[in-house]
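Bear in mind that the values here come from a model prediction, so they are computed numbers and not experimental data.
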Amino acid sequence: MKPFRRLACILPCSLLLAFFASTANAQTDTSTPALSTAPPKFLYSTDYTGGKVHGYLVNPSTGLITPNGQNPPWAHWGPNRVAADRGGYRLYVINWGSKDIDAYFIYRNNGYIYQVPGSPFSIGQTPTNIAVHPSGKFVYVTTRNNAVYGFAVQSNGSLKLVAGSPFPTQNDPEALAIDPTGHYLYTNDSNNANKIDAFSINETDGALTPVPGSPFAQTPSACNDGGNDIAVDRSGKFLILPQYCTGIEVFRINSANGSIAQVAGSPFRIPLNQGPQVAQSVAIDPLDRWVFIDAQYCHSGCGNITETYALNAQTGALTYLEYGNGGCGNYNRTDPSGKFLYSIGPENNCSYGAPSTILGL
């Protein structure tokens, strides 16, 4: 019996990104209407070529999605990855083409989104990923010029660069993750350097400082490309990174200083029962029981599979359980309830265009 229902390609494959906003433990926000019933859940995706953000209502029983009724608003040129604050009141979208960030208010009664004052906010460099601090006070963006840009969220929702930003990284940072405590930020290289940058976060002003030992080496890879996704489990004990040709690397996080070290048995190999594969995406269920790895295989055709692993909460070891065909999806994310796994991606899985993903909070 599968631990999650998998809804492969539930969105048109031309849509490049999706986002799941949860209201779990949300605080009251006076800028959005008050709700008298159980708050709804929403999913958002970006249309990379159309430059729009699509909003959906999520059925909490079945996981099925339906359009929320808003005419998809224009984002900017090449909207790509997305993130939101923990309460689901702010939505952030990075734009490859226009090199900036869109920031939106999420209206909790219907899921409609509206630009905050001053949005979009210029970066001036091609963004690759985005993450929101658990406090909701800071937004971080990795860029192609080997840096992490930090932004402080102002009282009106606008973004202001954090002092000292941008913060330098290794070569071409692609993936970005913040531990649940908000103490540490991690990003990995997607090209040649095979390093993971680790920073401590100043929770007063948002500034980043490299932790002791950073950057940390990954396992040498035949592809020498480092991977493009990374995640921290909900306990904050493990950092999990699917590296393209090497397998799945698991690092234990030192809670005292944020440094990382590979756990015994890492990297964990991906079974080759579907032919040559490259690991692309990682999703962890909210209770830290299972890890889902999206792997691309290209042999007599193109396609994707989702590998399911059990996560040992004490050691961080991964045990392979099963796989399921992934259709056109090439990024996976779990929903906040722990019931559903969502997948989205381009139609042709063996063409490396703009990356696609699903972000679950």
Side-chain angles (χ1 to χ4, degrees), residues 16-19 21 29 31-32 44-55 70 72-107 111-169 172-178 182 185 187 199 201-208 354-355 357 359 361:
L16 293 182
L17 300 175
F19 165 79
D29 190 323
S31 67
T32 60
Y44 299 92
S45 70
T46 58
D47 180 349
Y48 181 85
T49 56
K52 296 180 179 181
V53 180
H54 296 255
Q70 182 182 25
W74 164 258
H76 216 180
W77 300 111
N80 193 257
R81 301 195 180 191
V82 292
D85 65 334
R86 180 171 286 179
Y89 291 109
R90 303 287 186 271
L91 180 71
Y92 301 96
V93 179
I94 58 172
N95 299 294
W96 270 24
S98 48
K99 300 179 180 180
D100 52 21
I101 308 169
D102 282 294
Y104 301 90
F105 294 118
I106 300 174
Y107 274 49
Y112 287 17
I113 59 173
Y114 299 93
Q115 296 264 10
V116 308
S119 180
F121 301 94
S122 177
I123 304 172
Q125 301 291 335
T126 302
T128 57
N129 216 321
I130 186 167
V132 183
H133 191 270
S135 69
K137 296 193 301 182
F138 308 109
V139 176
Y140 296 95
V141 176
T142 49
T143 61
R144 289 280 183 232
N145 67 322
N146 308 333
V148 179
Y149 285 71
F151 296 86
V153 180
Q154 307 302 294
S155 58
N156 65 352
S158 62
L159 301 180
K160 180 181 179 180
L161 269 177
V162 165
S165 188
F167 304 95
T169 68
D172 202 4
E174 179 71 29
L176 186 59
I178 299 175
L185 179 148
T187 181
F199 299 90
I201 302 172
N202 185 314
E203 295 179 58
T204 301
D205 61 16
L208 301 180
T357 187
L359 300 180
L361 299 182

Sub-3.5 Å donor-acceptor pair from the side chain of Y140 to the main-chain atoms of G206, do we have one? yes
Run the numbers on Q154 and K160 for side chain to side chain contact (heavy atoms under 4.5 Å, CB included), then give the verdict. CA-CA 7 Å; Q154 307 302 294; K160 180 181 179 180; 3.5 Å; yes
Tell me the closest heavy-atom pair linking S119 and I101, and the distance in Å. OG-O, 4.0 Å
How about F167 and V162: do any of their side-chain heavy atoms sit closer than 4.5 Å? yes
So do the side chains of Y44 and I106 get within less than 4.5 Å of each other, counting heavy atoms only? yes
Would V132 and F138 satisfy side chain to side chain contact (heavy atoms under 4.5 Å, CB included), going step by step from the backbone distance to the final call? CA-CA 6 Å; V132 183; F138 308 109; over 6 Å; no
Distance col, row F151:CZ vs L159:CG, nearest 0.5 angstrom, shows 6.5 Å
Does either side chain, that of Q115 or that of D102, offer a donor lying less than 3.5 Å from an acceptor on the other one? yes
Please name the residue in the list Y104, Y89, Y107 that meets the ring-ring contact (aromatic ring centres under 6.0 Å, His included) test with Y114. Y107
Check whether any side-chain N or O of S135 sits under 3.5 Å from a backbone N or O of K137 as a donor-acceptor pair, and report yes or no. yes
Verify side chain to side chain contact (heavy atoms under 4.5 Å, CB included) between Y92 and V141, making sure each step is shown before the conclusion. CA-CA 10 Å; Y92 301 96; V141 176; over 6 Å; no
T187 and T169: CA distance, side-chain angles, deciding distance, side chain to side chain donor-acceptor pair (under 3.5 Å) verdict: CA-CA 8 Å; T187 181; T169 68; over 6 Å; no
Please name all residues satisfying side-chain hydrogen bond (donor to acceptor under 3.5 Å, both in side chains) with T143, sequence neighbours left out, ordered by chain then number. N145
Flag if over 12 foreign heavy atoms under 6.0 Å of CH2, W74: yes
Where is the tightest heavy-atom contact between A131 and A83, given as atom of each residue plus distance? CA-CB, 4.3 Å
Please confirm whether R81 makes a cation-pi placement over W96, using NZ or CZ under 6.0 Å from the six-membered ring centre and within 45° of the ring normal. no
Looking only at atom types and distance, does a side-chain atom of N95 sit under 3.5 Å from a main-chain N or O of G97, one as donor and one as acceptor? no
If only atom types and distance count, is the side chain of T126 paired as donor or acceptor with the main-chain N or O of R144 below 3.5 Å? no
Report the distance from atom CG of L176 to atom OG1 of T128, rounding to the nearest 0.5 Å. 7.5 Å
Please confirm whether the backbone N or O of R90 pairs with a side-chain atom of D85, one donor and one acceptor, at under 3.5 Å? yes
Distance-minimising heavy-atom pair for N156 and P117: O-CD, 3.3 Å
Please report the closest heavy-atom contact between A175 and N129, naming both atoms and the distance. CA-ND2, 3.5 Å
Could you check whether any side-chain N or O of Q70 sits under 3.5 Å from a backbone N or O of I113, counting only pairs where one atom can act as donor and the other as acceptor? yes
Side chain to side chain contact (heavy atoms under 4.5 Å, CB included) with H133: which of I201, V139, L185? I201
Can F105 and V116 be said to form a side chain to side chain contact (heavy atoms under 4.5 Å, CB included), step by step? CA-CA 6 Å; F105 294 118; V116 308; 3.8 Å; yes
Write down the atom of V93, the atom of P79, and the distance for their closest heavy-atom approach. CG1-CB, 3.7 Å
If every non-hydrogen atom of F121 is compared with every non-hydrogen atom of D100, which pair is closest and at what distance? O-CB, 3.1 Å
Before giving the answer on side chain to side chain donor-acceptor pair (under 3.5 Å), spell out for D47 and S45 the whole-Å C-alpha distance, their side-chain angles and the decisive distance to 0.1 Å. CA-CA 7 Å; D47 180 349; S45 70; over 6 Å; no
